[in-house]
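One structure is given below, encoded as structure tokens.
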Amino acid sequence: AEGSELARLAEALAATEAAEGPTSPYLLPLIEEIARFRLRQGALAEAAELRRRALDIAIARFGCESASAAEAMVALALVAIDRRRYLDAEPLLIAAQITLEERVAPDHPAIATALAALARVALARGNAA
């Protein structure tokens, strides 16, 4: 069942990419769904690769200072934290936080996610404050 679900998602991604192009924003939800699936399976490196691709698409389509790019940065940083790569996560989270604070409402969930992830990085460093 898991393999067929992944195959279905990969097929949908390939079809959408063929129809819309390799930098289409329509790929983003499919890429994220596959990344979450791979995270659940413990394939952290592949999930990171997928989220890096999503970030590249968001930057190409919406610009590096867009809310979409910032949300993709947060998603990529979360995988880095799961991989204990805190030095990879922190700059992404700082950039995302700045961009999100400029682009979205203060109560937007992405800001809370970015701040919570920054707290996880600080805790991993031993900085409880």
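Atom CZ of Arg83 has more than 12 heavy atoms from other residues, nucleotides or ligands within 6.0 Å. With a 6.0 Å radius and a threshold of 12 heavy atoms from other residues, nucleotides or ligands, Glu65 has its CD atom at or below the threshold. Around CD of Glu102, the count of heavy atoms belonging to other residues, nucleotides or ligands within 6.0 Å exceeds 12. Atom CZ of Arg36 is surrounded by 12 or fewer heavy atoms from other residues, nucleotides or ligands within 6.0 Å.
Taking a cutoff of 4.0 Å between a charged side-chain nitrogen and a carboxylate oxygen, Arg8 and Glu33 qualify as a salt bridge.
Separating the CG atom in Leu123 from the OH atom in Tyr86 is a distance of 9.5 Å, to the nearest 0.5 Å. A distance of 11.0 Å separates OG1 of Thr16 from CG of Leu28, quoted to the nearest 0.5 Å. Here CD of Glu71 is found 10.5 Å from CZ of Phe62. Values are rounded to the nearest 0.5 Å. Taken from OG1 in Thr23 to CD1 in Ile59, the straight-line distance is 12.5 Å, to the nearest 0.5 Å. Here SG of Cys64 is found 6.5 Å from CE of Met73. Values are rounded to the nearest 0.5 Å. Put simply, CG on Leu118 and CG on Asn127 are 11.5 Å apart, with the number rounded to the nearest 0.5 Å.
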Verify side-chain contact (heavy atoms from CB on, under 4.5 Å) between Leu93 and Ile81, making sure each step is shown before the conclusion. CA-CA 11 Å; Leu93 292 167; Ile81 289 169; 4.1 Å; yes

Enumerate, atom names and distances included, each donor-acceptor pair closer than 3.5 Å involving a side-chain atom of residues 105-117, sequence neighbours excluded.
unit_1 : atom_1 : unit_2 : atom_2 : d
His108 : ND1    : Ala110 : N      : 3.0
Thr113 : OG1    : Pro109 : O      : 3.0

Side-chain donor-acceptor pairs under 3.5 Å in residues 42-57, sequence neighbours left out?
unit_1 : atom_1 : unit_2 : atom_2 : d
Glu46  : OE1    : Arg38  : NE     : 2.9
Glu46  : OE1    : Arg38  : NH2    : 2.9
Glu46  : OE2    : Arg38  : NE     : 3.2
Arg51  : NE     : Glu32  : OE1    : 3.0
Arg51  : NH1    : Ala75  : O      : 3.0
Arg51  : NH2    : Glu32  : OE2    : 2.6
Arg53  : NH2    : Glu17  : OE1    : 3.3
Arg53  : NH2    : Glu17  : OE2    : 3.1

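Contact annotation: the side chain of Val79 never approaches that of Arg85 to less than 4.5 Å [non-hydrogen atoms, C-beta and beyond].
Nearest heavy-atom pair, Ala67 versus Thr99, reported as atom, atom and distance to 0.1 Å: N-CG2, 4.5 Å. Between Asp88 and Ala80, the shortest heavy-atom contact is CB-CB, 4.2 Å.
Cluster annotation: Tyr26 is not connected to Leu30 through the hydrophobic network of ILVMFWY side chains, with a link wherever side-chain heavy atoms come within less than 4.5 Å. Note: the hydrophobic cluster containing Leu39 does not contain Leu6 (ILVMFWY, side chain heavy atoms under 4.5 Å, direct or indirect links). If you chain together hydrophobic residues whose side chains sit under 4.5 Å apart, Leu92 and Leu100 never meet in one group.
Remark: side-chain polar atoms of Ser66 are paired, donor with acceptor, to backbone N or O of Gly63 under 3.5 angstrom.
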